[in-house]
Each structure stands twice: as structure tokens, then as C-alpha cells.
Amino acid sequence: MSHVESAARRRDAAVRAAVRQGVVSADRPVVGLLDVPGIRAAAAALHSAFAQVSAPGADVLHTFAVKAAPLVPVLRLLAEEGLGAEVASPGELALARAAGVPPGRTVLDSPAKTPAELSEALALGVAVNADSREELTRLDGLLHDRHDTTSVPPLGLRVNPQVGGGSIGALSTATPTSKFGIPLRDEGAREWLVRAYAERPWLTRIHAHVGSQGCPLELMASGIRAVYELAEEVDEHVGARRIRAVDIGGGLPVNFASDDVTPTHAAYARLLGEAVPGLFDGRYGLVTEFGRSLLAKSGMVLARVEYAKSAGGRRIAVTHAGAQVAVRTVFAPEAWPLRVAVYDAWGRPKEGPPETQDVAGPCCFAGDLVAEGRSLPRLEAGDHVALLDTGAYYFSNHFAYNTLPRPGVYGYAEHQPPEGAHATPSVRFVPVRPPQSLDELVAESGGAHAVGLTGLR
Ligand SMILES: *Cc1c(COP(=O)(O)O)cnc(C)c1O
């Protein structure tokens with residue numbers, strides 16, 4: 001069975017089992033599901049992709065961009081698969097630590113690090129990429145009193161290679177005016193950067209993250225090439241090997257149109273190997289920070305259809321998955337279309353002649369649609385819909401509209417019966433994140449301060 005077929009088969013088996021085992025039910029009408037073998041396979045494919053193009057024994061650290069799936073058990077699973085963590089806030093750092101990701105395999109990026117966050121990273125031994133000249137000045141201050149800078153974690157600068165944007169403006173990080181990094185092509189910037197490294201022996205990394213969804217691979221590769229050339233220039237200027245590692249960020253786009261994994265990490269690594277061969281000849285360590293491309297294909301949002309109705313001749317399935325879980329898809333449907341797989345009340349794939357339907361969510365605004373005018377087998381109350389490829393960002397970008405709870409997230413894998421037993425594999429679910437309770441919703445909405453405002457006149 002091909003990789004694609006087996007992913008789809010595992011998914012169908014998981015939906016069937018989720019309905020049977022009550023993981024999704026009338027009382028719990030929306031859940032997130034993560035394909036654990038799928039995540040392990042994606043991590044293994046990432047390792048092998050870069051191993052194929054790197055010199056033997058090269059120092060390669062793959063980190064996972066925590067914002068794509070800020071779930072402690074996921075970070076732990078990925079750590080077991082040999083990945084570190086890229087964090088961009090005290091909260092994400094806390095999740096990585098709770099998952100047991102070692103500080104030496106953690107990278108702190110963010111455009112707005114406070115002095116306290118920088119000090120904490122230095123104390124813990126977490127690598128830091130400074131986002132701006134101003135932040136580098138802060139690092140200077142923090143390191144000023146240290147006589148011995150050999151014990152500081154790897155520190156680097158994030159550079160914006162200004163190679164241009166992709167098709168999604170909000171996700172394009174390498175435009176001339178992007179808010180991230182130190183712009184490389186601004187007047188005088190290159191000379192300033194070379195000097196900044198020359199003056200600071202502890203500045204040993206260089207970082208770029210060119211992406212993400214909607215960016216052509218060639219554009220990403222040209223951005224990495226630009227920072228590699230800067231690293232070469234720094235080393236030449238210093239007359240020694242100063243840059244120890246190039247952090248190439250993440251940003252690999254994901255195919256949301258079918259089960260095909262394209263582009264693959266392998267294709268991107270090959271392209272980088274051709275475009276920037278010197279990066280892989282063993283002189284530089286490599287750090288990566290992929291998020292979406294590691295997790296998207298291994299997750300789905302599974303929701304019950306509460307009602308099926310019609311308006312103005314259009315069939316509308318009112319489900320429990322809308323803007324609260326698929327905020328980007330609902331507000332920017334052109335940029336973030338999702339496949340919707342349909343299952344019956346027992347969780348079996350639903351067949352039938354296609355009909356044009358809207359798939360709506362539970363939120364009280366008219367635009368709360370995850371699919372509009374989609375051709376699907378007729379949906380009825382009690383059926384299920386699965387929003388596919390939602391393993392990355394859909395469990396972090398929840399939206400508290402209508403005080404809808406964050407749904408529970410469960411990991412699944414098939415349990416193989418012992419050799420010779422006449423049983424079909426069964427699917428086992430384990431909790432990743434519990435669904436938010438009503439008490440939690442009240443508490444986070446100021447429940448403890450109910451009378452607070454009444455004391456003011
Ligand atoms: C978001 C982000 C990533 C991950 O991006 P993906 O598109 O999910 O791969 C990596 N590095 C930085 C600095 C980021 O902001």
C-alpha cells in the first residue's frame with residue numbers, strides 16, 4: 001500500500017473507531033485527532049531528507065516550531081524522534097521544558113523578547129536569535145559583565161534576505177518591509193552585519209526564516225543562499241570560522257488539496273543542496289525550524305453534523321467545527337481552503353451523488369463556513385465531517401468566539417492483534433489535551449471577579 005493510501009486508510013479507521021468509542025459523540029461534538037505513526041514518519045522523513053544532502057557526521061539540529069502545535073505530548077513525541085523546539089514566547093518555552101526538550105535543543109526566536117526572556121534563555125542555555133539591532137544591543141548589555149563568554153548558548157542574528165513574498169501576504173516574511181529580522185539589502189546593512197559579527201566572538205549563528213505557506217521553494221532557497229553568502233563574508237572578514245551554524249528556519253508549504261505530501265522535505269533539501277552546496281559540505285552546522293510541514297498532514301478536526309437545512313435552494317450542514325477551530329479558513333477561505341471528508345453516523349465514509357452544500361460551523365455570524373458551495377455526498381444530521389490536514393496551527397489558532405470551548409485533542413494509533421489472531425486491528429486513542437470545561441470558560445472570562453465592576457462608580 002502506498003504511503004498516501006495507508007494515511008487515508010488509517011484516517012478512516014480512526015474516524016470509525018472515534019465514533020464507536022465515543023471519542024466524538026453528541027455530548028462531545030468536535031475533537032482534534034492526531035495520527036501518531038504519521039507524525040513519527042514525518043519526523044523520520046525530515047531526518048533522512050537532510051542526512052541525504054549533508055556531509056557525513058554533519059551537525060544537524062531539527063527543531064519543531066512550537067506555535068504550529070503547542071501541545072506538550074506532541075513536543076515530547078517529537079523529542080523522542082530526535083527533534084528540538086523552536087519557541088517564540090515564555091509560554092512556548094514553558095511547554096518545551098514541560099515536554100523535557102533539553103535547553104541545548106531549544107531555540108528562542110521572537111521579534112519582541114523582553115530583557116527577562118533574554119536573561120532566562122542565557123541562564124538556561126537556550127539558543128537565541130536576535131531579531132533586530134536593538135535586541136543585539138540588549139544582548140551586549142546582558143553579556144557585558146561576563147568575563148567568560150565561552151559558556152553562553154549559541155547566539156545569532158535573524159536576517160531578512162528581502163527576497164520577496166509569496167501568495168499570502170500575512171505569511172510572507174522576506175518582503176522588503178517585513179517586520180522580522182535585520183534587513184540585508186537596506187543601505188549599509190551588509191557592512192553593519194559583518195562588523196557586528198566581527199566585534200562579537202560570541203555571535204556564532206545566523207538565522208533566516210523565509211516562508212511560509214504560499215512561497216515557492218526557489219524563493220526560499222534564494223533567501224537561504226543570501227544568508228549563507230553573508231556567513232561566508234563574515235568568516236572571510238574575521239579570517240576564521242566564526243559562524244558555527246546556519247539556522248534556515250522552516251516555512252515549507254503544505255499541499256491542502258490531496259493526501260499527497262508535496263513538496264517533501266527531501267525535495268526541499270535536494271534543492272538547497274543544489275542552490276547552496278557550501279552549506280552542506282560539513283563546515284557549517286545546520287538548524288531547521290519546520291512547523292506546518294511536520295504536522296499538518298497528521299491531524300484532523302472531526303465534528304458532528306447537528307442539523308442539515310436548506311436556504312435559498314442551498315443545502316447547509318450545520319456542524320460543530322467553525323471559526324473557533326478553523327479561524328484562518330473561515331476568515332481567509334481563499335488562502336486556507338480545507339478538504340472536508342464526510343462520514344455517516346457510524347463513522348463510515350459516506351457515499352452518494354455529490355450535491356452542492358455549505359459546511360457551516362456553530363458560531364453566530366453568517367460567514368462561519370468552513371466550505372462554501374462544496375460538492376459532497378448529502379450531509380444529514382448525525383453524520384460527521386472531518387477537516388483534513390489540520391494537524392498544524394488548527395490546535396493553536398483557536399478563537400474564543402461565542403465562548404465555545406477549545407476541543408479535546410487525542411492521538412491515535414492502530415493496535416495490531418497478535419500474530420495468528422483472527423481480529424482486525426483496533427484503534428487506540430490517548431488524550432493529548434482535554435476539552436475545555438464550562439468551569440474553565442467561566443474562570444477565564446473573569447468568573448472570579450464577578451462583582452468587581454459593581455464597586456466602581
Ligand atoms: C512560524 C515559524 C517557523 C515555522 O514555520 P512553518 O511555516 O510552520 O514551517 C519557523 N521559524 C520561525 C522563526 C517562525 O516564526
Side-chain angles (χ1 to χ4, degrees), residues 39 42-43 45-46 49-50 61-71 74-75 78 83-89 91-93 95-96 105-113 117 121 126-132 135 154 156-161 165-175 178-182 205-217 219-221 223-224 227 245-256 261 263-265 267-269 272 286-299 328 335-336 389-397:
I39 296 171
L46 173 64
F50 281 86
L61 170 63
H62 295 295
T63 67
F64 172 66
V66 170
K67 71 175 183 284
L71 299 164
V74 169
L75 304 182
L78 290 171
L83 273 83
E86 185 266 350
V87 301
S89 69
E92 290 183 354
L93 177 57
L95 299 189
R105 304 181 69 78
T106 304
V107 179
L108 174 64
D109 297 327
S110 128
K113 303 174 205 80
E117 284 173 66
V126 165
V128 176
N129 290 311
D131 186 78
S132 60
E135 193 165 84
L157 291 179
R158 177 166 180 175
V159 172
N160 172 7
S167 63
I168 306 177
L171 271 76
S172 293
T173 56
T175 61
S178 162
K179 77 170 189 184
F180 293 111
I182 298 169
R205 271 197 193 172
I206 192 159
H207 173 225
H209 166 63
V210 184
S212 72
Q213 189 68 21
C215 280
L217 296 195
L219 182 78
M220 295 169 60
I224 304 308
V227 294
V246 179
D247 180 339
I248 65 168
L252 194 67
V254 162
N255 168 32
F256 286 97
V261 176
T264 57
H265 289 116
Y268 183 44
L272 286 175
L286 190 76
V287 180
T288 75
E289 308 170 339
F290 294 101
R292 183 175 291 108
S293 56
L294 272 164
L295 258 286
K297 289 281 176 205
S298 298
R328 282 178 170 162
W336 300 104
D389 310 320
T390 47
Y393 294 97
Y394 286 81
F395 305 140
S396 49
N397 294 355

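Only heavy atoms go into these numbers, but all of them, side chains included; no hydrogens, no water, no symmetry mates. A quick note: this is a predicted structure, and the numbers were derived from the prediction, not measured. Just follow the structure's listing: the first ligand is 1, and inside any ligand the first atom is 1.
- An N or O contact shorter than 3.5 Å is missing between Q213 and ligand 1 by distance.
- With contacts defined as side-chain heavy-atom distances shorter than 4.5 Å, the pair I248/M220 does not qualify.
- Counting only heavy atoms of the protein, atom 5 (O) of ligand 1 lies nearest to H209 CE1, 3.3 Å.
- In this structure, atom 15 (O) of ligand 1 lies nearest to the protein heavy atom K67 NZ, 2.8 Å.
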**Study point:** CA sep, side-chain torsions, deciding dist, call: K67, E92, salt bridge (charged side-chain N to carboxylate O under 4.0 Å, His left out)
**Key:** CA-CA 7 Å; K67 71 175 183 284; E92 290 183 354; over 6 Å; no
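- With hydrogens left out, the protein atom closest to atom 8 (O) of ligand 1 is Y393 OH, 2.5 Å, a heavy atom.
- Within the 3.5 Å criterion, the main-chain N or O of S89 finds no donor-acceptor partner in the side chain of S110.
- The protein atom (non-hydrogen) at minimum distance from atom 7 (O) of ligand 1 is S212 CB, 3.0 Å.
- In this structure, the side chain of S396 does not engage the main chain of A69 through any donor-acceptor pair within 3.5 Å.
- An N or O contact shorter than 3.5 Å links R292 to ligand 1 by distance.
- Contacts between A68 and ligand 1 below 4.0 angstrom, taking non-hydrogen atoms only, are absent altogether.
- Atom 9 (O) of ligand 1 has G251 N, 2.8 Å as its closest protein atom, hydrogens excluded (heavy atom only).
- Heavy atoms of F180 found under 4.0 angstrom from ligand 1: none, in either backbone or side chain.
- Heavy-atom proximity to D109, at under 4.0 Å, picks out these atoms of ligand 1: 13 (C).
- Atoms of ligand 1 lying under 4.0 Å from any heavy atom of G250, numbered from 1 in the order shown and given with element: 9 (O), 10 (C).
- Atoms of ligand 1 found under 4.0 Å from any heavy atom of F290 (numbered from 1 in listed order, with element): 9 (O).
- Between H207 and V107 there is no side-chain heavy-atom pair separated by less than 4.5 Å.
- Looking only at side-chain heavy atoms (C-beta outward), L71 and L95 stay at 4.5 Å or farther from each other.
- Atom 11 (N) of ligand 1 has E289 OE1, 2.7 Å as its closest protein atom, hydrogens excluded (heavy atom only).
- Those atoms of ligand 1 with a heavy atom of A65 less than 4.0 angstrom away are 3 (C), 4 (C).
- A 4.5 Å side-chain heavy-atom check between R328 and I168 finds every atom pair outside the cut-off.
- Taking distance alone, with nitrogen or oxygen atoms compared against 3.5 Å, G291 approaches ligand 1 more closely than that limit.
- Between Y268 and F50, the angle of the ring planes goes over 60°, which puts this pair in the perpendicular group of the 30/60° scheme.
- For the pair E135 (side chain) and P111 (backbone), a donor-acceptor distance under 3.5 Å is absent.
- Heavy-atom proximity to R158, at under 4.0 Å, picks out these atoms of ligand 1: 13 (C).
- Between the side chains of E86 and H209, not a single donor N or O lies within less than 3.5 Å of an accepting N or O.
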